[in-house]
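This report refers to the structure that appears directly beneath it.
Naming: A, B, ... by sequence-line order, numbering from 1 per chain.
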Amino acid sequence: MNENYEQERGERLPPPSATGLLEGLNPEQREAVLHDEGPLLILAGAGSGKTRVITHRIAYLIRVRGVSPWAILAITFTNKAAAEMKSRIADLVGPVTQSMWIGTFHSMFVRILRRHPVETGYSKSFAIIDTDDQRALVREIMRDLNIDEKLFAVNAVHGAISRAKNRMQSPAAYRSQAGSDFRRRQIAEVYLRYQERLRANDTMDFDDILVETVRLFEGHPEVLAAWQARFRYILVDEYQDTNLAQYRAVNLLAALHRNICVVGDDDQSIYSFRGADIRNILEFEHDYRQTKVIKLERNYRSTGTILAAANAVIAHNGSRKEKNLWTEAGEGEQITFVRAADHFAETRFIAAEIDRYVRDHAGNSWRDVAVLYRVNALSRSIELGLRERGIPYRVYGGLRFYDRREIKDVLAYLRLIQNPGDDLSLARVINVPKRQIGLVTQEAVRSLGQREGLTMLEVCRQAAYFPELRRSAGKLAGFAALIDRLRLDLAASSHTLLEFVEHVLDKSGLMDEILNAKEKNREDSIDRVQNLRELVSDAGEFEDNFTLVGEPEEGATLEVVMAEDGGETLAIRLPEAAETAAEAVDTVAPVIDLATLLEGFLERATLYSAQDLTDENDDHVRLMTIHAAKGLEFPLVFLACVEEGVFPARQSMTSAESLEEERRLAYVAITRAMQRLYITTARTRMLYGYQQEQPVSMFVDEIPKEYLREIGGPAAGVGPAVFGAAGAGAAPRRRTGGEGRTPGFGVSPVSFLERRGAAAPGRATPVRRAVEPDAYRVGGRVSHPIFGRGVIVSVEALAGDVILELDFGGRTKTLLASQANLTLLGN
DNA sequence: CGGGACAACTTTTTT
DNA sequence: AGTTGTCCCG
């Protein structure tokens, strides 16, 4: 959506001409487009026209320099970004774009890996598991090893394994590095088995896709050489978010031609939790001598005020490349900072403002608006007000479509049908719907399989021959027969993909089970049926958009790429045996049958998130995390729940590095806004099941006052709450009246900031004091839950916080105002 | 073996 | 608060 706006502003370029590619570009942008050969680092600040530069550069390479699109590799982080880039390049150079490799690290590397089954040791149709399945597998292994899940959280173990992989550390290396550390030794054990299980199952997780690619390149020079030769120009977007494996793979690929162009912004590095290493971009110049560095600092997106605020916040970070965004746009409006009484008031306020923005101004639409927040869990509290007012909205992220249970069940069936060796999928569905095959039996099947070196499906088939399985033999054989039947149907290729998915839903009994759900689950089952229907039509859409791209060359070989409109999907049928690596790179026999379609469909289901599949043109307000908003822009942005502990997240406040990353996140958030930005907070919020007092985020304090206009009065505790006197209650549908309206676009009436009528009762929570230096005076009296009543001896403001020296009846304590649970006592 | 009641934990962010 | 996992009983 970000770039749509640019296009709508009429910047889509006129038809091909070399010079046309430079029109409307500023000098730095031109320089980047025209850069010839050799390493290029583009430091692209937020809203500096980055995508435009990349697309024009690629178009320039193709049209002016005559580079074959086939020799260009462009890597992005999300499928959506890839689709966007592809379509914009297509606008510039036409359909030849389709033979260009544009995609995410994961999808491009899968494509490569599938072509080298011999070298990787995986088959060409290895399965890919998502995060959920990874966790499930880790949990299972931990149970096998009798590791207490209370001592070792599954998430933490999984995280440690994932990070080890991203550091390119093998299980053995991890173990030897663990030394005598019990915890790490245990993790090493899980890691080892985890990897074995994946291998045995011909399955990769997200991390393996990257790691195995590096291993393929490093272990097979001839393979690497072939790909190096092919990709004369490599372009990596969001380079600041690459991790070690991605870094290595890219640099290996680029080593021959050294035409590597990386684009990024160290201030927007927000993925260190998944191994991204900001040093990759900071040290690019070091890695490549004679790197051409171009800084894009002119911002075309936001008002001067918004930019100034963003610059001020990010300036608090230490390690960064100095840059300063500027704009020729006017100052624009002040940023509105809102201190609402509680999350209800907050969401109502947001809803009212959105309502006014759209309904009172012709030409504004819902889709101009985004509400951003730190964590997905907050989306629900924000939805409230929007729903109340009937504002159309959509929550992005969160539970992805493909993560829904019923969807995963169907996909597991499809995976198992496609690959009978997929024990993980088998385990998921063997008793779904209920077939009276319990955990004991399942476990027996699994261990027999391991002992005999058979797939679990094979064990089921042969159940009658295993005395241990006698009791359930019939059921197991029945299940095997079902799968085998479906496999034959797949091989017969007599269905369309859509029909086949329906067929599986029917024969597996999944649909029946849901339809027969008990009365009380009625609503739920309607939802689930709808989801399944959606999956079926998704399959239909997938095959409809599936087109054969590229022309067969003389001599029989041809690359078959199934390009799906917008995004890109790869279902590639390989020649039976490619003789040489180079041949595997270049030659692919075109065979499109049902199995191939299914393979592509399944891969997309894992590699594509819900966001990639949503319709950009729908007219609704967008609710999403800041992470999800990266790369997007909106005329009107609400940054919600900007409270200490939420944003910055409490977990991030322990180290300087993670706090800096949070600040970069704040920077990303602020710079999404084009014309108007609201920062909203609630004084109290329900978190972890408790009503908590919420201090204002430190990031708000880092924005110079002159850019802010505050609604909601000073923080609670300093005086009587400014709002909340008039008993407005829940006043749902009241339209924002004229009061308080300023010309243009004013502040909404106070009523939306009121605490809901009856919310007050209940015991008064001790006030966790915000960073409000003025509230503390020497001699002032406070109460502390442990130390009791005390007197302030000294006050020292420091870095947005306040250090207090307190005298509790003779005992002197030094406390941080933001940390200590102090209540100010009046007089 | 399946279902229901109860307990515990959650909170970073995603390919 | 809400969900997810565990335990116990039929």
### Query
Closest to the A:Tyr271 side chain: B:dG2, B:dT14, B:dT12?
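Selected nucleotide: B:dT14.
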### Query
Of the nucleotides B:dT15, B:dC1, B:dT13, which one has an atom closest to the side chain of A:Val440?
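Closest of the options to the side chain of A:Val440: B:dC1.
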How many Å lie between [atom1] on [X] and [atom2] on [N], as a whole number?
| X | N | atom1 | atom2 | result |
| --- | --- | --- | --- | --- |
| A:Leu665 | B:dT14 | CG | C1' | 13 Å |
| A:Met624 | B:dT12 | CE | P | 21 Å |
| A:Asn79 | B:dT14 | CG | C1' | 12 Å |
| A:Gln436 | B:dG3 | CD | C1' | 13 Å |
| A:Leu687 | B:dT10 | CG | C1' | 11 Å |
| A:Asn166 | B:dT14 | CG | P | 16 Å |
| A:Tyr396 | B:dT13 | OH | P | 19 Å |
| A:Met142 | C:dT6 | CE | P | 11 Å |

### Query
Ring of A:Phe273 versus six-membered ring of B:dT13: centres under 5.5 Å and planes under 30°?
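Yes; by the centre-distance and plane-angle rule, A:Phe273 counts as stacking on B:dT13.
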Is there a side-chain contact between [X] and the phosphate of [N], meaning an N or O under 4.0 Å from OP1 or OP2?
| X | N | value |
| --- | --- | --- |
| A:Thr625 | B:dT12 | no |
| A:Asn243 | B:dT15 | no |
| A:Asn431 | B:dG2 | yes |

### Message
Tell me if the side-chain of A:Arg650 makes a donor-acceptor pair with the base of B:dT12, cut-off 3.5 Å, by modelled atom types.
### Response
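Answer is no: no donor-acceptor pair is held.
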In chain order, what residues pass the side-chain hydrogen bond (donor to acceptor under 3.5 Å, both in side chains) check against [X], with sequence neighbours excluded?
| X | result |
| --- | --- |
| A:Asn280 | A:Thr242 |
| A:Ser447 | none |
| A:Gln169 | A:Arg167, A:Gln177 |
| A:Glu383 | A:Arg387, A:Tyr393 |

### Query
Mapping A:Gln442 and A:Gln246 to their closest nucleotides on DNA chain B, which lands nearer the 5' end?
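Counting from the 5' end, the first nearest nucleotide belongs to A:Gln442.
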### Query
So which one's nearest nucleotide on DNA chain B is more toward 5', A:Ile270 or A:Arg471?
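It is A:Arg471, whose closest nucleotide lies nearer the 5' terminus.
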### Task
Please work out which of the three classes, parallel, tilted or perpendicular, describes the rings of A:Trp227 and A:Trp101, given edges at 30° and 60°.
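A:Trp101 vs A:Trp227 ring planes: tilted.
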Just call it for [X]: base, sugar-phosphate, or nothing, with non-hydrogen atoms closer than 4.0 Å on any strand.
| X | result |
| --- | --- |
| A:Glu661 | nothing |
| A:Phe105 | nothing |
| A:Ser272 | nothing |
| A:Ile437 | sugar-phosphate |

#### Entry: Shortest non-hydrogen separation from A:Asp207 to A:Gln134 and the atoms involved
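Heavy atoms only, the tightest pair is OD2-OE1, 4.4 Å.
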### Task
Between B:dT12 and C:dG5, how far apart are the C1' atoms? Round to whole Å, please.
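After rounding to an integer number of Å, I get 22 Å for this pair.
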Write out a two-atom table: protein N or O, nucleotide N or O from nucleotides 1-5 of chain C, distance below 3.5 Å.
none

### Task
Only counting residues at least two apart or in another chain, list the ones meeting side-chain contact (heavy atoms from CB on, under 4.5 Å) with A:Arg685.
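side-chain contact (heavy atoms from CB on, under 4.5 Å) check on A:Arg685 returns A:His343, A:Glu346, A:Leu378, A:Ser381, A:Cys641, A:Glu643, A:Ala682, A:Leu687, A:Gln694.
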### Query
Is the count of non-hydrogen atoms from other residues, nucleotides or ligands lying under 6.0 Å from A:Arg199 atom CZ greater than 12?
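Yes, because the 6.0 Å sphere around CZ of A:Arg199 holds more than 12 heavy atoms from other groups.
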